[in-house]
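Below: one structure, written as structure tokens.
Within every chain, numbering begins at 1; the chains are lettered A, B, ... in the order of the sequence lines, protein sequences first and strands thereafter.
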Protein chains: 2
Amino acid sequence: MSERVPARERLLKAAAELFYRDGVGATGIDTITAHAGVAKMSLYNNFASKSDLVKAYLDARLEEWHVLYRERLATAATPREKLLAVFDSYVDHAELAYGWGFRGCGLLNAAAELPVGDAGRATVAFQKEEVEQLFKDYLRQMKPAAAIDETAEHLSFVLEGAMARAGLDGHDGRLKAARRIAISIVDQL
Amino acid sequence: MSERVPARERLLKAAAELFYRDGVGATGIDTITAHAGVAKMSLYNNFASKSDLVKAYLDARLEEWHVLYRERLATAATPREKLLAVFDSYVDHAELAYGWGFRGCGLLNAAAELPVGDAGRATVAFQKEEVEQLFKDYLRQMKPAAAIDETAEHLSFVLEGAMARAGLDGHDGRLKAARRIAISIVDQL
DNA sequence: TAAAATAGGTAGATCGGTCTACATAAAGAT
DNA sequence: ATCTTTATGTAGACCGATCTACCTATTTTA
């Protein structure tokens with residue numbers, strides 16, 4: 001019955017909740033270690049600094065979304081369904097955060113707190129670029145003659161805008177609306 | 001040559017720059033007063049607390065956008081032009097922040113740092129609701145038979161999504177793209 | 001001269017980060 | 001089967017710096 005959980009894992013779980021709920025800057029080292037039920041030195045044995053933990057937090061959120069997206073992708077047959085799987089994975093990811101009090105995209109929120117040169121901002125920018133690239137790929141498969149770049153950017157704006165609004169009023173109806181809008185956009189190409 | 005500027009005004013100007021550039025949480029009281037060239041007590045003579053100053057900062061940004069929007073509105077003749085004036089005022093507002101290092105919408109960034117119950121979040125949510133309502137009004141004047149609510153939400157997503165993306169890659173080309181997208185949306189209603 | 005802004009300082013908490021000293025447990029060596 | 005090494009985790013003191021908030025006393029301004 002060895003239910004032993006490594007300190008690193010406990011720290012990442014605690015950081016995930018606290019960083020998302022209270023913000024990166026407002027969450028101190030002591031709060032994280034206390035919430036993880038772990039000694040302070042266990043944090044510095046596993047991470048070089050708080051920024052390093054923040055970076056790991058962002059990478060974990062990115063990977064978390066990747067998993068949800070690939071799950072949705074597995075059940076998608078057509079390029080159109082694959083494109084919509086991106087929106088569905090956003091809804092799925094939002095629902096993961098409901099227990100913590102939904103506050104929008106954890107990556108975007110964290111990026112808003114990070115200084116301009118910070119490495120974490122690159123992680124966030126990368127994910128948004130990746131989503132836009134996915135839209136381009138699927139659009140190209142759907143309608144090779146369409147204005148791919150413009151439409152992909154349009155879809156990215158709709159998705160991220162819905163997430164921003166959802167973060168403010170605290171429900172994911174916005175994300176489902178974004179999905180409906182995306183359908184109308186791709187279906188009238 | 002009385003170039004005397006009241007302490008309150010100097011504080012708001014310093015707070016505007018520092019809160020936007022470095023974030024609300026990362027900016028301390030002493031930094032603000034030093035940057036304003038003002039005594040610490042002048043802050044507490046004019047504002048009840050730091051949160052009060054943050055609230056004033058948000059209100060000032062909201063009013064700042066209102067001014068820019070009304071300026072654009074004055075040169076708009078048709079409902080279509082008035083609707084686009086919203087997008088233009090966003091570009092104008094973004095350009096105000098260029099000297100500080102553009103980091104996206106100051107209201108959205110600050111809201112990402114504020115706790116869920118904070119009064120400042122209401123200010124931010126209000127501004128986004130207001131924009132969506134403006135879209136509804138102008139759309140109704142343009143095409144009374146169109147799907148007003150859905151289209152207004154669509155336009156809001158495009159605008160706020162463009163702002164979110166712009167905040168990550170640091171230029172307002174995204175906002176100009178959003179304007180072009182908005183034109184295509186309203187012109188094919 | 002009365003009001004407002006000034007400089008400078010204090011209180012008390014919290015921050016990120018470092019350090020010491022000890023406990024536990026599995027793996028390798030004999 | 002015993003000893004030793006190496007990993008990892010523990011508790012808790014401690015560091016310098018910074019935070020908000022508030023105070024006092026002096027100077028400036030109107």
For this session: Take atom CG of Leu11(A) and atom P of dT10(D), then tell me their distance rounded to the nearest Å.
Result: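 These atoms are roughly 9 Å apart.
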Problem set entry | Whole angstrom value for the distance that separates P of dT18(C) from CG of Leu43(A) |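 That distance rounds to 11 Å.
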Problem set entry | Pair listing, ring-ring contact (aromatic ring centres under 6.0 Å, His included) test, anchored in residues 147-166 of chain A, at least two apart |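 For residues 147-166 of chain A: His154(A)-His154(B).
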For this session: Verify the contact: side-chain N or O of Tyr44(B) to OP1 or OP2 of dC22(D), cut-off strictly under 4.0 Å; return yes or no.
Result: no
For this session: Would you tell me if any nitrogen or oxygen in the side chain of Ser42(A) comes within less than 4.0 Å of OP1 or OP2 on dT8(D)?
Result: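 The answer is no; no side-chain N or O of Ser42(A) sits under 4.0 Å from OP1 or OP2.
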Exercise. Applying side chain to side chain donor-acceptor pair (under 3.5 Å), which residue pairs with at least one partner in residues 71-89 of chain A are found, sequence neighbours left out?
Worked result: Trp65(A)-Ser89(A), Arg72(A)-Asp92(A), Arg80(A)-Asp187(A), Asp88(A)-Arg179(A)
For this session: Scan for side chain to side chain donor-acceptor pair (under 3.5 Å) pairs involving residues 25-35 of chain B, sequence neighbours excluded, and state none if there are none.
Result: Asp30(B)-Lys40(B)
Problem set entry | Any strand: nucleotide that pairs with dT24(C) via Watson-Crick or wobble, under 3.5 Å |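 Per the H-bond distance test, none.
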Problem set entry | Identified pairing partner of dA7(D), criterion: Watson-Crick or G-U wobble below 3.5 Å | none
Exercise. Using a side-chain heavy atom cutoff under 4.5 Å and only I, L, V, M, F, W and Y, what cluster partners does Leu68(A) have?
Worked result: Leu96(A)
Seminar exercise, completed: For Val67(B), the other hydrophobic cluster members (4.5 Å side-chain criterion, sorted by chain and number) are none
Exercise. Is the base of dA7(D) syn or anti, where syn means the angle lies within 90° of 0?
Worked result: syn
Exercise. With sugar-phosphate meaning primed atoms plus P, OP1 and OP2, does Gly37(A) contact a base, only sugar-phosphate, or nothing at under 4.0 Å between heavy atoms?
Worked result: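 If one applies the 4.0 Å heavy-atom cut-off, Gly37(A) turns out to touch the sugar-phosphate alone, with no base involved.
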For this session: Identify whether any heavy atom of Thr33(A) sits under 4.0 Å from a base atom; if not, whether one sits that close to sugar-phosphate; answer base, sugar-phosphate or nothing.
Result: nothing
Exercise. Taking only residues two or more places apart in sequence, or in another chain, which ones meet Arg21(B) in a side-chain contact (heavy atoms from CB on, under 4.5 Å)?
Worked result: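 side-chain contact (heavy atoms from CB on, under 4.5 Å) list for Arg21(B), sorted by chain: Glu17(B), Leu18(B).
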Problem set entry | side-chain contact (heavy atoms from CB on, under 4.5 Å) partners of Ala152(A), counting only residues at least two apart |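 Testing Ala152(A) for side-chain contact (heavy atoms from CB on, under 4.5 Å), a comparison that skips the adjacent residues, returns Glu132(A), Phe135(A), Lys136(A), Leu139(A).
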Problem set entry | Salt bridge present between Glu153(B) and Arg174(A) (N-O < 4.0 angstrom) | yes
Seminar exercise, completed: Those residues at least two apart in sequence (or on a different chain) that pass ring-ring contact (aromatic ring centres under 6.0 Å, His included) with Phe19(B) are Tyr57(B)
Problem set entry | 5'-most by nearest nucleotide on DNA chain C - Asn45(B) or Thr31(A) |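 Per heavy-atom nearest nucleotide, the more 5' residue is Asn45(B).
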Problem set entry | Any residue of residues 114-124 of chain B with a heavy atom less than 4.0 Å from an atom of DNA chain D | none
For this session: Go through residues 46-59 of chain B and report each residue with a non-hydrogen atom lying under 4.0 Å from DNA chain D, sorted by number.
Result: Ser49(B), Lys50(B)
Exercise. Which atom pair, heavy atoms only, marks the closest approach of Phe47(A) to Ala56(A)?
Worked result: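 Answer, listing the atom of Phe47(A) first, then Ala56(A): CE2-CB, 3.8 Å.
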Between the protein and nucleotides 8-14 of chain C, list the N/O to N/O atom pairs that are separated by less than 3.5 angstrom.
| from | atom 1 | to | atom 2 | distance (Å) |
| --- | --- | --- | --- | --- |
| dG9(C) | O6 | Lys40(B) | NZ | 3.2 |

Seminar exercise, completed: The salt bridge (charged side-chain N to carboxylate O under 4.0 Å, His left out) partners of Lys55(B) (sequence neighbours excluded) come to Asp59(B)
